[in-house]
Amino acid sequence: MSEPSYLDTDSGRRIAYHVTEGRGPGVVFLGGFRSDMEGTKAIHLEAWARATGRAFLRFDYSGHGQSSEDFLDGCIGDWAADAVAAIRALTVGPQVLVGSSMGGWIALLAARAMPDKVAGLVGIAAAPDFTEDGMWAGFTAAQRTALTETGRVELPSDYSDAPYVITRRLIEDGRDHLVLRAPLTLPVPVRLLQGTADADVDVSVALRLLEHAAGDDIRLTLVKGADHRFSTPDCLAAIEAAIAEVLERAG
């Protein structure tokens with residue numbers, strides 16, 4: 001694993017990143033909740049970008065991977081700001097944003113914040129508004145009370161022996177960044193990929209996003225049997241194809 005470079009943002013956070021030089025529009029990978037830029041999809045797409053001569057950026061949000069700050073201090077607004085800062089500072093021209101899970105939500109927020117920098121979007125099991133619709137909506141009365149009174153609640157994780165710790169700040173800040181409650185205009189090519197066996201993001205989320213977003217070139221592909229990781233060879237090939245199609249449509 002090569003050493004990352006670092007970007008010091010105006011917010012005082014230090015963002016670890018890797019840039020691959022190449023032609024534009026470039027591709028930016030936005031990872032998921034508690035994920036990092038060393039994951040299967042990020043590394044695979046970096047190799048794809050090198051092989052095709054495409055510019056590529058992967059990075060860690062603050063509190064993730066090799067970036068500064070503590071994960072438990074972060075929230076959607078912080079991570080979206082990290083993404084905007086990294087894309088602004090580290091890329092040239094419009095980019096295709098590839099968002100995995102939470103990264104799909106971050107991609108939508110980035111597209112809303114800086115439409116001039118977005119040539120297209122690819123969502124992989126995109127999870128917009130998950131803090132409200134997935135977490136808060138699923139909490140028991142006791143969990144909601146614990147979150148309100150102590151500022152945190154612990155949830156079991158399928159990906160780690162350690163539990164997910166969900167903070168009150170994460171939930172409350174998430175409400176300030178919801179994208180499915182207000183008009184969402186996406187005037188760029190958008191490709192959404194969703195596995196039917198995803199235990200973390202239900203197919204209904206992808207359908208809701210497809211129905212809610214306004215745009216002339218938005219398509220959803222359901223992959224039968226694919227899980228939330230979406231990292232099998234066939235799934236990785238589907239991601240490549242979606243990016244290539246968006247790049248072609250973006251011109």
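Throughout, residue positions are numbered sequentially from 1 according to the sequence presented.
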Using modelled atom types only, decide if a donor and an acceptor are shared between the side chain of [X] and the backbone of [Y] within a distance under 3.5 Å.
X: Lys117; Y: Thr91; result: yes
X: Thr131; Y: Asp129; result: no
X: Asp173; Y: Gly77; result: yes
X: Asp227; Y: Ala197; result: no
X: His212; Y: Val179; result: yes
X: Gln194; Y: Val201; result: yes
X: Thr145; Y: Ala141; result: yes

Below 4.5 Å, heavy atoms only, C-beta onward: do [X] and [Y] meet side chain to side chain?
X: His44; Y: Glu240; result: yes
X: Val19; Y: Ser5; result: no
X: Thr221; Y: Leu192; result: no
X: Glu38; Y: His18; result: yes
X: Val28; Y: Val98; result: no
X: Ile243; Y: Val27; result: yes
X: Asp198; Y: Val203; result: no
X: Pro4; Y: Tyr17; result: no

| query | At their closest point, which heavy atom of Ala119 faces which heavy atom of Pro94, and how far apart are they? | reply |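 Heavy-atom minimum between the residues: CB-CB, 3.8 Å.
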| message | Which heavy atom of Pro128 sits nearest to which heavy atom of Leu180, and what is that distance? | response |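 Here Pro128 and Leu180 meet closest at CG-CD1, 4.0 Å.
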| request: Name all pairs fulfilling the side chain to side chain donor-acceptor pair (under 3.5 Å) condition that reach into residues 92-112, sequence neighbours left out, sorted by first residue then second. | output: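 Listed by first then second residue: Ser101-His228.
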| query | Members other than Ile43 in its cluster, when Ile, Leu, Val, Met, Phe, Trp, Tyr link by side-chain heavy atoms under 4.5 Å? | reply |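 Besides Ile43, the cluster holds no residue at all.
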| task | Not counting sequence neighbours, which residues clear side-chain contact (heavy atoms from CB on, under 4.5 Å) with Asp234? List them please. | result |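 Testing Asp234 for side-chain contact (heavy atoms from CB on, under 4.5 Å), a comparison that skips the adjacent residues, returns Thr232.
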| request: Can you sort out the partners of Thr140 under side-chain contact (heavy atoms from CB on, under 4.5 Å), two or more places apart, ordered by chain and number? | output: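 Applying side-chain contact (heavy atoms from CB on, under 4.5 Å) to Thr140 gives Ala142, Gln143.
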Pairs satisfying salt bridge (Lys or Arg N to Asp or Glu O under 4.0 Å), at least one member in [range], at least two apart:
range: residues 88-97; answer: Arg88-Asp116
range: residues 46-55; answer: Glu46-Arg50, Glu46-Arg58
range: residues 11-33; answer: Asp8-Arg14, Arg13-Asp78, Arg13-Asp82

| message | I'd like to know if Leu7 and Ile87 are part of one continuous hydrophobic network [Ile/Leu/Val/Met/Phe/Trp/Tyr, side-chain heavy atoms within less than 4.5 Å]. | response |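 Looking at the clustering, Leu7 is in the same group as Ile87.
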| field | side-chain contact (heavy atoms from CB on, under 4.5 Å) between Gln66 and Asp36, worked out | value | CA-CA 8 Å; Gln66 300 171 78; Asp36 60 50; over 6 Å; no
| field | Asp217/Arg191 ion pair, N-O < 4.0 Å | value |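 Looking at Arg191 together with Asp217, the answer is yes, because their closest N to O distance falls below 4.0 Å.
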| task | For Val153 and Tyr164, run side-chain contact (heavy atoms from CB on, under 4.5 Å): C-alpha distance rounded to whole Å, both residues' side-chain angles, the deciding distance at 0.1 Å, then the answer. | result | CA-CA 8 Å; Val153 65; Tyr164 274 167; over 6 Å; no
Ring pair (Phe, Tyr, Trp, His ring centres under 6.0 Å) with [X]: which residues, sequence neighbours excluded?
X: Phe71; value: Phe33, His64, Trp79
X: Phe59; value: Tyr61
X: Phe230; value: none

| request: Evaluate the side-chain contact (heavy atoms from CB on, under 4.5 Å) criterion for residues Glu245 and Arg219: first the C-alpha distance (whole Å), next the side-chain angles of each, then the deciding distance (0.1 Å), finally the verdict. | output: CA-CA 11 Å; Glu245 185 175 347; Arg219 300 179 188 178; 3.1 Å; yes
| request: Return the set of residues passing salt bridge (Lys or Arg N to Asp or Glu O under 4.0 Å) with Asp133 (not counting sequence neighbours), or none when no residue passes. | output: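 In terms of salt bridge (Lys or Arg N to Asp or Glu O under 4.0 Å), with neighbours along the sequence ignored, Asp133 is linked to Arg181, Arg208.
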| request: Taking salt bridge (Lys or Arg N to Asp or Glu O under 4.0 Å) as the test, write out the residues that go with Glu132, two or more places apart. | output: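 Result, salt bridge (Lys or Arg N to Asp or Glu O under 4.0 Å) vs Glu132: Arg175.
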| said: The test is side-chain contact (heavy atoms from CB on, under 4.5 Å); show your working for Leu121 and Val96 and say whether it passes. | reply: CA-CA 5 Å; Leu121 295 174; Val96 172; over 6 Å; no
| field | Heavy atoms of other groups near Asp216 CG, more than 12 under 6.0 Å | value |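 Counting other residues, nucleotides and ligands, CG of Asp216 stays at 12 neighbours or fewer.
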| field | Flag if over 12 foreign heavy atoms under 6.0 Å of CG, Asp10 | value |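 Atom CG in Asp10 is not crowded, with 12 or fewer foreign heavy atoms closer than 6.0 Å.
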